[in-house]
Each structure stands twice: as structure tokens, then as C-alpha cells.
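Remember, predicted model here, so these are calculated numbers, not experimental data. All chains are named by letter (A, B, ...) in the order of the sequence lines, taking the proteins before the strands, and each is independently numbered beginning at 1.
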Amino acid sequence: MDLLKNLNNNQKEAVLHTEGPLLILAGAGSGKTRVITHRIAHLINDKNVKPYNIFAVTFTNKAAEEMKNRVMSIVGPAGNSVFIKTFHSAAVYILRRFGEHIGLSSNFTIYDSKDQEDVIKRILISMKIDHKKIKPSTIASKISEIKDKEGYLEGMDLSHFVPDYFAFDFMEVFEKYEEGLKNNNAMDFNDLLIKTVHLLRRSETALSDMQYMWRYFMIDEYQDTNYSQYLIAKYLASHSKNICVVGDDDQSIYSWRGADIRNILNFEKDYERARIITLEENYRSTKGILDAAHAVIQNNSQRKNKNIIAFRGDGEHVKWCQANNEYGEADFVANTILSLKNRENLSNRDFAVFYRTNAQSRIFEDVMRREGLPYRIIGGQKFYDRKEIKDIIAYLKFLTNNSDTVSLFRIVNTPVRGIGNATQDKVTELARSMGINEWKVIDDELITGRIPKGLYDFKQIINSLQKEMKNIPAGLKLSEFVKSITDKSGYRKSLNEDNSLESNARIDNIDEFINSIYEYEQMNPDATPEQFIQDISLYTSEQNPEEEHKDNCITLMTIHNAKGLEFPVVFLTGMEENTFPHKLCVDSEDALEEERRLCYVGITRAMDQIYLTSTEIRRSFAGIDYKQPSRFISEIPAELIDVKHQQSTHHIPERSESYNSFGYGKSSFSTGTGYNLKRASELNVNKKSAVSESRPSQSQTDSSSTFEVNERVMHPKFGTGRVVKIEGTGDNVKLTISFGITKKVFMEKYTPLEKLN
DNA sequence: TTGAGGCTTTCAACA
DNA sequence: AAAGCCTCAA
């Protein structure tokens with residue numbers, strides 16, 4: 001029973017209340033995750049519940065992994081069988097397993113927002129609507145918004161949600177979009193949830209199978225669930241009634257994704273005799289931090305007032321630094337970290353830098369690098385969003401689902417095969433007139449007239465790869481197959497021929513991708529390509545908690561990404577009007593309240609110290625903006641906040657200088673090795689393990705290598721590998737190292753390799 | 001008809 | 001960084 005040892009009375013009660021509906025209102029820092037994991041452990045260890053009878057969902061992949069790890073650290077390997085996922089991945093699991101009950105095939109493709117926009121763009125073109133005037137992304141988000149609504153699921157007419165400034169027939173576009181997804185055997189993120197609801201409603205067999213399988217339900221971040229998620233939980237738990245939801249209305253920050261706060265507010269009405277437990281003791285932050293957080297959040301009108309009891313001492317005041325510009329801000333952050341590391345016993349992993357938008361991260365990266373501070377970026381430009389990775393994934397998507405026209409047109413001329421717009425239009429036109437899909441037109445060679453040879457080549461490539469694919473996983477490994485895609489498609493060859501810094505970087509990324517598949521197949525030896533594709537479609541921001549703790553890095557991320565995490569020292573940056581609160585939110589009271597909740601989430605991540613920073617001027621793509629401090633700062637009473645000042649001598653480059661306002665281009669690095677530095681920083685996004693500083697190369701003056709053939713090594717980017725060949729002497733030692741099934745050649749002198757024993 | 005090169009535009013958070 | 005548009009050569 002020592003599971004309960006370190007819990008307070010309310011926490012204990014929440015852990016022990018296993019039967020029947022339970023709502024846990026858990027304020028920030030109140031030990032919510034602890035309660036959930038201990039509750040799961042209690043079910044398994046003390047109540048003899050089978051791990052696979054437990055269904056737990058949370059909001060992000062990161063949180064789900066973290067939860068699973070924590071459960072396993074209490075109950076051991078048995079915890080691995082607990083079903084812990086995000087709502088979306090749970091939906092994919094359910095649809096793959098039970099979808100046939102409502103006529104769904106299991107090889108459906110998942111479309112992300114980019115894919116959605118592609119579909120919409122094609123529709124707009126076919127309807128002769130100018131897609132430059134009406135952005136596909138605007139339409140996509142409107143469609144998502146509508147599909148998230150309660151009325152949509154209940155089959156109501158939602159055309160009144162269409163804004164009247166749409167000078168075209170939105171509903172027609174919407175219908176064609178739905179039709180297009182259906183024809184392509186594809187689902188968007190909304191569909192995953194919606195179809196799951198349909199399944200649960202229409203198939204009693206499937207529902208009762210699931211209710212037999214899962215008897216205890218736990219829903220984390222309940223305040224951020226949307227209507228379909230609410231229904232999924234409701235149907236699944238309708239038999240056992242053992243549903244425990246956890247949430248905090250003050251931390252609801254996803255209404256833009258359809259989250260409906262009513263779900264948590266109405267829990268008592270939805271579930272009779274629901275037990276409600278409030279966790280209001282905060283164990284995380286010192287009182288100075290909590291008082292400031294409270295001062296901000298109490299300006300919201302739409303909230304339940306609640307107590308937060310500071311368990312820890314008074315601590316330090318919140319500090320506010322107004323820098324002259326964003327360089328000054330980043331300098332302040334870096335200098336503060338450096339001096340805190342000196343003065344107090346803090347290390348890199350104790351610091352986190354939060355910002356409202358990903359674009360703000362670049363200057364922090366620059367300064368951290370300059371100061372030699374190792375950092376990692378969570379989120380940001382997603383590895384899977386890179387063109388080369390999306391291309392290879394598109395091959396996989398198309399190979400597993402020939403109806404997927406979005407992927408087909410992405411790859412048909414990638415690499416260039418002489419299949420331009422004219423030919424592609426012919427294919428589309430013929431497919432439409434014959435009522436067949438586009439691949440059939442190509443595969444059956446139905447086009448008449450002048451046909452580029454490349455189209456035939458493409459057909460051959462696909463046919464041959466499809467034949468190969470049949471041997472997975474028995475005769476062929478998934479990773480080998482993907483390697484084969486990159487070879488047979490000519491993708492690798494065309495990058496090789498280009499032989500620029502950029503194309504070489506792309507090849508590295510592709511190899512890294514293959515290596516990650518190698519790792520994936522170690523974990524999932526029976527996985528089919530279909531399964532793999534569906535898994536990674538949901539896993540956009542790979543975040544590996546194990547890796548996180550291994551590395552001693554400063555963490556950079558958006559506030560949204562910070563939800564659920566805690567750090568001893570937090571920097572909440574860009575505290576300016578129109579930055580945070582974001583400029584798109586300042587005109588709506590509801591949006592502003594959500595920004596304020598976001599601010600509350602940001603402040604309450606801090607355990608010991610929090611620094612708010614803002615700038616007087618900030619560059620935007622439009623030029624230089626003069627900024628006012630965020631209203632959230634003025635909401636904190638003066639006696640709770642210490643003011644600092646920082647001037648930066650760093651001059652802001654003019655537009656004409658080598659600097660683009662996006663802050664992406666390699667031009668933003670002034671040194672000749674800028675590109676490599678950039679690559680190094682990308683490692684952090686990709687691998688999570690990498691450290692930003694390039695380690696000093698082993699300056700080996702004697703003629704032999706410090707490595708031996710067959711030795712196991714760790715590369716910051718490619719992970720663990722094995723030395724297979726050593727060539728050259730002195731400064732010219734070349735090492736060939738195999739990672740999974742790929743091999744890479746490195747100059748020993750320039751490569752930060754770590755020996756593994 | 002295609003593709004390369006040059007120029008411009010894009011600009012919120014996430015599954 | 002990536003995509004769209006334009007022009008021009010093949």
C-alpha cells in the first residue's frame with residue numbers, strides 16, 4: 001500500500017475511487033500526473049485489473065509517452081499493456097481494428113493540413129475559383145471548424161457558419177472536399193474522431209467488443225476535448241461507467257481546435273452520482289510565482305474561481321526585463337542562464353525558454369550557440385514536414401493506397417521525370433471523364449497522343465516497388481524497402497547529382513529517416529507499411545522523454561508545447577501586445593481570455609523562478625514594430641514584480657543585409673560555416689538527443705584512427721552505429737559507419753563521434 | 001511541353 | 001524553407 005504514501009488526502013481519494021464516474025479538478029502543479037499514474041498502478045496492483053482493461057488518453061504524444069513511462073516505473077513491464085494514447089492515435093487503432101464494421105478499409109491514408117490544402121486547391125482550380133484570393137488554408141480551417149462542431153456530427157445543416165465574405169459556394173467546395181477524401185481513401189484529423197463516433201454508434205458488435213476490452217477509462221486534459229472526443233469517451237464508458245476525467249478550466253488553450261469547455265463544466269450532469277475531487281494544493285511553484293499567475297488569470301470572466309494553496313515557500317518575485325530589441329532579449333536570457341549556472345547549482349536542463357510562436361526561436365538559437373549553451377527545440381520545424389521526408393512518405397502513402405491522388409501528384413514528377421502540368425492535367429481529365437482513379441489511367445496507359453516516357457518509367461517504378469512491398473515484413477524489412485524507394489525512384493540519384501550543400505543535407509535527412517524506421521521496426525517487428533504510415537502521420541513532433549532526460553540541454557519551445565511540463569527556471573519571452581497576446585487575438589474577448597489562460601499555463605510551469613521578457617522594438621516581416629508591454633504584465637501588481645533592464649549593443653540588420661525576416665535562410669548566419677551550424681541546430685529538432693554546440697574534434701596527430709573496425713559508436717544525428725571501415729591517415733582518416741541498414745562515410749576529424757561500450 | 005533560374009510572397013498554437 | 005509566378009531556352 002505504499003503507493004499512497006506520498007499523496008495528500010484528496011490525491012489518495014482520487015486514486016482509490018476506481019468505480020464509477022470521477023471528475024478531478026486539478027489545478028496547475030497539483031500532482032495531476034502523479035494521481036493518474038498512481039491510479040493506474042493501484043488498479044493493476046491492488047484491484048487485480050488487467051493492464052489491457054485500462055484505457056487512458058491524453059492530449060499529446062509526448063504526454064502519453066511520459067504517462068506510460070511513469071506507469072511502467074511503478075508497476076514494471078505490465079504497464080506496457082495499458083492502452084495509453086492520444087485521442088487521435090486511439091481513434092486510428094479503433095478504426096484499423098473495427099473499421100470494417102462500417103465499411104472502412106484499414107489502409108486509409110491520413111491527410112495532414114498540407115494535404116488538406118492540396119485537395120482544396122485542386123477543387124478550387126476545377127471550380128475556376130482563384131486560389132490566390134481565397135487561401136486554401138482559410139478554407140481548410142473553416143472546414144475543420146465546422147467538422148468539430150456538435151451539429152455536424154448530429155447531421156445538422158451548418159451552412160449558416162459560412163462567413164458571408166466567401167464570394168463563392170463554400171458548401172460546394174466542402175462537399176467536393178469530403179467526396180475527394182472519400183475517393184482518395186483518406187481521412188483528415190477530424191475524420192479520425194468523427195468516423196470513430198460513427199463506428200461506435202452504428203456497430204453494436206464493435207462497441208460491445210471494445211467495452212469488453214476496456215473497463216476503466218481515464219481522460220486527461222478533459223477541458224481540451226472537443227465534441228467528438230467527448231462522445232468517444234462517453235460511448236466507450238457507457239457500460240462500465242468507470243470513467244475518470246481530469247482537467248482544469250484555467251488551462252484550456254485549444255479552443256481553436258474545437259475544444260469545448262462545456263465538456264468539463266457539464267460532467268456532473270452527464271454522469272449521475274459523479275464524484276468530484278478538487279486538487280488545489282500546488283507543489284510545484286513558489287508563492288511568488290503562483291500569486292503572479294493568479295493575478296493574471298483572475299482577469300478572465302469565464303472561469304470557475306478556485307483556490308490555489310501554495311505548498312512551497314514564498315520564493316522570489318517574478319522578474320520582468322524589458323530589452324531594447326529581440327537580440328537584447330535573447331542576450332538577457334543567455335546571460336541570466338550563465339550567471340545562474342554560476343551562482344546556483346543549476347544545470348542546463350533546469351532552464352526553459354517559452355515563446356508564443358515558433359518563429360521567435362531563431363534568435364535564441366543564435367545567441368545560445370554563440371554563448372556555447374547547449375539547447376534543444378521542441379516542436380518547431382517538424383522533421384516530417386521537410387520536403388524530402390514528405391516526398392518519401394508520399395511514396396509510401398501512395399504505395400499503400402493507390403487511391404491517394406494527393407500523394408500521387410506529389411511524387412509523379414519528383415524527381416523530375418518530364419511529367420509537367422500538361423501531362424498531369426491530361427491524367428486528371430481522363431480519370432474524371434472515365435470515372436476511374438488517376439493511377440488507373442497511368443497504370444493502364446490510357447493516355448493517347450504524345451506521352452512523356454517518364455510516365456511509363458513512373459509506372460514501372462511503382463509496379464516494381466509494389467511487388468517488393470508484398471514481402472514485408474517476412475522477407476523484407478521496412479527500412480530496406482524505404483531505402484529501395486529512395487533508390488528506385490531516382491530520388492537519391494537526383495540529389496546526388498545536384499551535389500550542393502542543400503541536397504547533401506537532404507540526403508542526410510533521408511538517411512536519418514531510414515534509420516528511424518530501422519529503430520521503429522525493432523520495436524514493431526510485425527508492422528506493415530500501412531501501420532507505419534498511420535503511426536507517423538500522427539507523430540509529428542517526435543519527442544522522446546528518455547532522450548530528454550539523457551541530455552542536459554536548455555529547452556526552447558512554444559507555450560502550447562510546454563503544457564504539462566515544469567522547469568526550475570522559466571523565461572516567458574515576447575511579452576508584448578500583439579506578440580503575446582497574439583495580434584490575431586486582441587480583437588475578440590474570447591480569444592483574449594484564451595491567451596490569458598495560455599499565459600497562466602506559461603507562468604505556472606516555473607518551479608523556482610520566472611523571468612518575463614519583452615522588447616521595445618521587434619522586427620516583423622513588415623519592418624520594425626514598436627511594441628507595448630503585454631497587458632498581462634500590467635495585470636501583475638507592481639509589488640509582485642521586479643523590473644530589470646537590458647540594453648543590447650547588437651544592431652538590427654536592415655532588410656537589405658543578409659537576413660530574411662523569416663529567419664530561416666542560411667544567410668542569417670554570417671560565418672562561412674553558417675550552414676553547418678544551421679544543420680547542427682536542426683539536429684536538435686530531429687534527434688532530440690543532439691547538443692547544439694559542435695564538439696571539439698579529436699585532433700589526432702598520429703597516423704591512426706582512435707576507432708577500431710566493429711566498434712560501436714554514437715553519432716549525434718544518426719544514433720548508434722558500427723564502424724565498418726577505416727581509411728586514410730592523419731587528418732584524413734575516413735570512417736565508414738553503418739547505422740541500421742544505411743552506411744555513411746565521415747571524416748573522423750570533423751565528426752563528433754562518441755564511443756559506446 | 002517542360003524545366004531551370006530568378007524573383008516574390010508567405011507569417012499562430014497542434015494532432 | 002517552400003511554393004508560386006514569370007521568362008526563356010531547348
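- One interatomic measurement links the two molecules: NZ of A:Lys135 to P of C:dA3, which rounds to 16 Å at whole-angstrom precision.
- Taking the side chain of A:Thr423 as heavy atoms from C-beta on, and the options B:dG3, B:dT1, B:dA13, the nearest nucleotide is B:dT1.
- Among the protein residues, A:Tyr254 comes within range of the sugar-phosphate backbone only, with heavy atoms under 4.0 Å from sugar or phosphate atoms but none that close to a base.
- When the nucleotides C:dA2, B:dT2, B:dA13 are ranked by their closest atom to the side chain of A:Pro452, B:dT2 comes out on top.
- Checking the phosphate oxygens (OP1, OP2) of B:dA13, no side-chain nitrogen or oxygen of A:Asn561 falls inside 4.0 Å.
- Residues A:Gln534 and A:Arg96 bring a donor and an acceptor atom of their side chains to less than 3.5 Å of each other.
- Nucleic acid contact class of A:Ile559 (heavy atoms, under 4.0 Å, all strands): none.
- In this model, the phosphate group of B:dG3 is approached by a side-chain N or O of A:Asn413 to a distance below 4.0 Å at OP1 or OP2.
- Secondary structure note: stems in DNA chain B built from 3 or more consecutive Watson-Crick or G-U wobble pairs under 3.5 Å occupy B:1-10 with C:1-10.
- When only modelled atom types and interatomic distance are considered, A:Tyr456 and A:Glu445 share no side-chain donor-acceptor pair under 3.5 Å.
- Note on A:Asn421: every side-chain N or O is 4.0 Å or more away from OP1 and OP2 of B:dT1.
- Between B:dA15, B:dA13, B:dA12, one nucleotide has an atom nearer to the side chain of A:Leu584 than all others, and that is B:dA12.
- For B:dA13, neither phosphate oxygen OP1 nor OP2 lies less than 4.0 angstrom from any side-chain nitrogen or oxygen of A:Arg597.
- In summary, the side chains of A:Tyr520 and A:Asp535 do present a donor paired with an acceptor at a separation below 3.5 Å, with no hydrogens or angles considered.
- For A:Arg605 against A:Ala28, the heavy-atom pair with the smallest separation is NH2-CB, 4.0 Å.
- You'll find that the side chain of A:His88 is closest to B:dA15, out of B:dT1, B:dA15, C:dA3.
- Nearest-nucleotide positions on DNA chain B place A:Val416 closer to the 5' end than the other of A:Glu594 and A:Val416.
- Both stacking criteria are satisfied for A:His582 over the base of B:dA12: a centre-to-centre distance under 5.5 angstrom and an angle between ring planes under 30 degrees.
- Contact annotation: A:Thr558 reaches the phosphate of B:dC14 (side-chain N/O to OP1 or OP2, under 4.0 Å).
- Between A:Thr615 and the options A:Glu326, A:Glu576, A:Glu329, a side-chain hydrogen bond (donor to acceptor under 3.5 Å, both in side chains) holds for only A:Glu576.
- Where A:Arg257 and A:Arg417 each meet DNA chain B at their nearest nucleotide, the meeting point lying more 5' is that of A:Arg417.
- Distance A:Ile120 CD1 to C:dA3 P: 16 Å, rounded to the nearest Å.
- Although no hydrogens or angles enter the test, the distance criterion places a donor-acceptor pair under 3.5 Å between the side chain of A:Thr604 and the main chain of A:Tyr600.
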